[in-house]
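Reading through the structure tokens given below for one structure.
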Amino acid sequence: MSSRMAGATLLRHLGPRLFAAEPVYSGLAASARGVMPAAARIFPARMASTSSAGADVKEGAAEKLPEPAATAAAAATDPQNKKAVVSYWGIQPPKLVKEDGTEWKWLSFRPWDTYTSDTSIDVTKHHEPKGLPDKLAYWTVRSLAVPRDLFFQRRHASHALLLETVAGVPGMVGGMLLHLRSLRRFEQSGGWIRALLEEAENERMHLMTFLEVMQPRWWERALVLAAQGVFFNAYFVGYLVSPKFAHRFVGYLEEEAVSSYTEYLKDLEAGKIENTPAPAIAIDYWRLPADATLKDVVTVIRADEAHHRDLNHFASDIQQQGMKLKDTPAPIGYH
């Protein structure tokens, strides 16, 4: 009788631990999973939760992290920490300032990317087409100017928006293909990769500037999308077939850009278009005076286009003479 009472007492104490309600499993999985919860109740110190153990490990690892990483981790987990995490290691970048000591606010370009445009360049220069490829490039560009003039007429800002979205394509395509060629053939580029990519970036900054002058309408955005899609693929194929022809084509395209900005300046000088203050992004990018106007902006952009014109005609001339771009130094930093 005493043994029965002892067994009942033991069962009363261990029963809730051994026979608590658990999900029903079948087969070997049932035996394996059923034993673990019971064993965990009997030996809680040995069979502690893996999640809490993982948390302890993470806390210990966090204590061993380098100070910048620990700061970044704390900032990410502590909602009360208002300090922004600016990099993986939480390193604060140096603050950039302008020449007058004010904070630099542009992320798309830095102070060392700015420059003073050379407006003394001859904007009336024209490359006379020689041979069939040159004439084909010239008349192709001239034929594209007809629908452009009919569509935009004297709406220069709208035309500039479309023009710059297309003008930023050739430098990127040419620079990309020369970059891949340099990797593929294990050869130098003569600086032409950088020169063409600088041209593409400069054209993009023209676009960013004109976006401050006016915002494109929905149909202008659709037109840009279509024009860029067609032009990128056509120029990509054209550059693969004949880089000489591709650069000549861009040279004539830039001549048209110079002509368009000359007409823009004429309307600004005649008072047909309001000569508004220059956007802040243009003042910082071209290092213009604080009181610069839209006319000053169009003037420096026209000078940039003239430099692009000469660069591409020069690239075509080099190849027309049987030389390679990689063997002829490119004009770096010309804009």
Side-chain angles (χ1 to χ4, degrees), residues 106-110 113-115 117 137 140-141 144-145 148 151-152 156-180 189 191-216 220-240 243 245-261 264 279 281-282 284-286 297-298 300-316 330-335:
W106 309 107
L107 297 178
S108 57
F109 65 102
R110 302 299 176 138
D113 298 322
T114 65
Y115 65 99
S117 181
T140 301
V141 172
L144 293 174
R148 177 207 67 191
F151 185 81
F152 290 105
H156 298 291
S158 296
H159 176 220
L161 281 175
L162 177 64
L163 175 66
E164 299 302 343
T165 59
V166 172
V169 170
M172 182 59 66
V173 171
M176 175 187 68
L177 291 176
L178 289 179
H179 172 76
L180 295 176
S189 70
W192 282 95
I193 295 174
R194 182 179 296 275
L196 293 175
L197 293 181
E198 278 186 358
E199 176 187 314
E201 174 64 10
N202 183 242
E203 297 285 9
R204 190 185 68 85
M205 289 306 300
H206 294 176
L207 176 63
M208 296 299 104
T209 298
F210 277 111
L211 282 174
E212 298 296 321
V213 177
M214 67 163 293
Q215 289 295 319
E220 289 174 324
R221 292 178 180 272
L223 183 61
V224 165
L225 185 65
Q228 190 181 90
V230 172
F231 183 68
F232 175 88
N233 290 285
Y235 190 79
F236 179 84
V237 174
Y239 203 96
L240 288 175
F245 175 83
H247 282 293
R248 186 70 74 202
F249 176 85
V250 177
Y252 287 126
L253 193 67
E254 297 294 357
E255 287 187 15
E256 286 296 320
V258 171
S259 177
S260 297
Y261 284 118
Y264 199 164
I281 189 173
D284 286 342
Y285 182 67
W286 282 283
V297 175
V298 176
V300 294
I301 289 178
R302 182 179 66 170
D304 288 348
E305 304 294 6
H307 284 288
H308 300 163
R309 171 203 65 195
D310 292 349
L311 175 82
N312 282 278
H313 281 315
F314 177 53
S316 184
I332 301 297
Y334 67 96
H335 287 297

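All figures in this text were calculated on a predicted structure; none of them were measured in a lab. Each residue takes its place number in the sequence, starting with 1.
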- Specify the closest pair of heavy atoms between E212 and P279, including all atoms of both residues, with the distance to one decimal. CB-CB, 3.7 Å
- Item | Separation of S260 OG from E255 CD (nearest 0.5 Å) | 12.0 Å
- Query: What's the shortest heavy-atom distance between S117 and D304, and which atoms?
  - Reply: OG-OD1, 3.5 Å
- Task: Give, for atom OG1 of T209 and atom CD1 of I281, the distance between the pair rounded to the nearest 0.5 Å.
- Result: 5.0 Å
- Task: Might you work through the ring pair (Phe, Tyr, Trp, His ring centres under 6.0 Å) test for H206 and W286, ending with a clear yes or no?
- Result: CA-CA 11 Å; H206 294 176; W286 282 283; 5.8 Å; yes
- In terms of heavy-atom contacts, Y235 and P170 come closest through CE2-CA, 3.5 Å
- For L196 and L311, run side chain to side chain contact (heavy atoms under 4.5 Å, CB included): C-alpha distance rounded to whole Å, both residues' side-chain angles, the deciding distance at 0.1 Å, then the answer. CA-CA 9 Å; L196 293 175; L311 175 82; 4.2 Å; yes
- What's the spacing between R248 CZ and S316 OG if we round to 0.5 Å? 3.5 Å
- Task: Look at R204 together with E201 and state whether they make a salt bridge at an N to O cut-off of under 4.0 Å.
- Result: yes
- Query: Is there a side-chain contact between H247 and F314 (heavy atoms, below 4.5 Å)?
  - Reply: no
- Message: I need the M205 CE to D284 CG distance, nearest 0.5 Å.
- Response: 9.5 Å
- Compare every heavy atom of G229 with every heavy atom of N233, then report the nearest pair and how far apart it is. ND2-O, 2.7 Å
- Item | Any residue meeting side chain to side chain donor-acceptor pair (under 3.5 Å) with E256, in chain and number order, not counting sequence neighbours | R142, R148
- Donor-acceptor contact below 3.5 Å, side chain D113 vs main chain R110: yes
- Query: Just by distance, do the side chain of Q215 and the backbone of L211 share a donor-acceptor pair under 3.5 Å?
  - Reply: yes
- Option passing side chain to side chain contact (heavy atoms under 4.5 Å, CB included) with T165 (candidates V169, L161, L163, L162): L162
- Which is it for F245 and Y239 under the ring pair (Phe, Tyr, Trp, His ring centres under 6.0 Å) test, yes or no, and what are the steps along the way? CA-CA 8 Å; F245 175 83; Y239 203 96; over 10 Å; no
- Message: Measuring from atom CG of L144 to atom OH of Y252, what distance do you get when rounded to the nearest 0.5 angstrom?
- Response: 14.5 Å
- Item | Contact summary for G171 and E199, nearest pair of heavy atoms | N-OE2, 4.1 Å
- Task: Kindly check if the number of other-residue, nucleotide or ligand heavy atoms within 6.0 Å of CZ (F236) is above 12?
- Result: no
- Item | Polar contact flag, side-chain donor to acceptor under 3.5 angstrom, E203-H308 | yes
- Note on the structure: Tightest non-hydrogen contact, residues A282 and V297, listed as CB-CG2, 3.8 Å
- Decide yes or no on side chain to side chain contact (heavy atoms under 4.5 Å, CB included) for L197 and W192, but give the supporting numbers first. CA-CA 8 Å; L197 293 181; W192 282 95; over 6 Å; no
- Spacing of M172 atom CE and F232 atom CZ [to the nearest 0.5 Å]: 9.0 Å
- Working for side chain to side chain contact (heavy atoms under 4.5 Å, CB included), residues Y285 and V300: CA-CA 11 Å; Y285 182 67; V300 294; over 6 Å; no
- Task: Please state whether the rings of Y261 and F210 are parallel, tilted or perpendicular, taking 30° and 60° as the class boundaries.
- Result: parallel
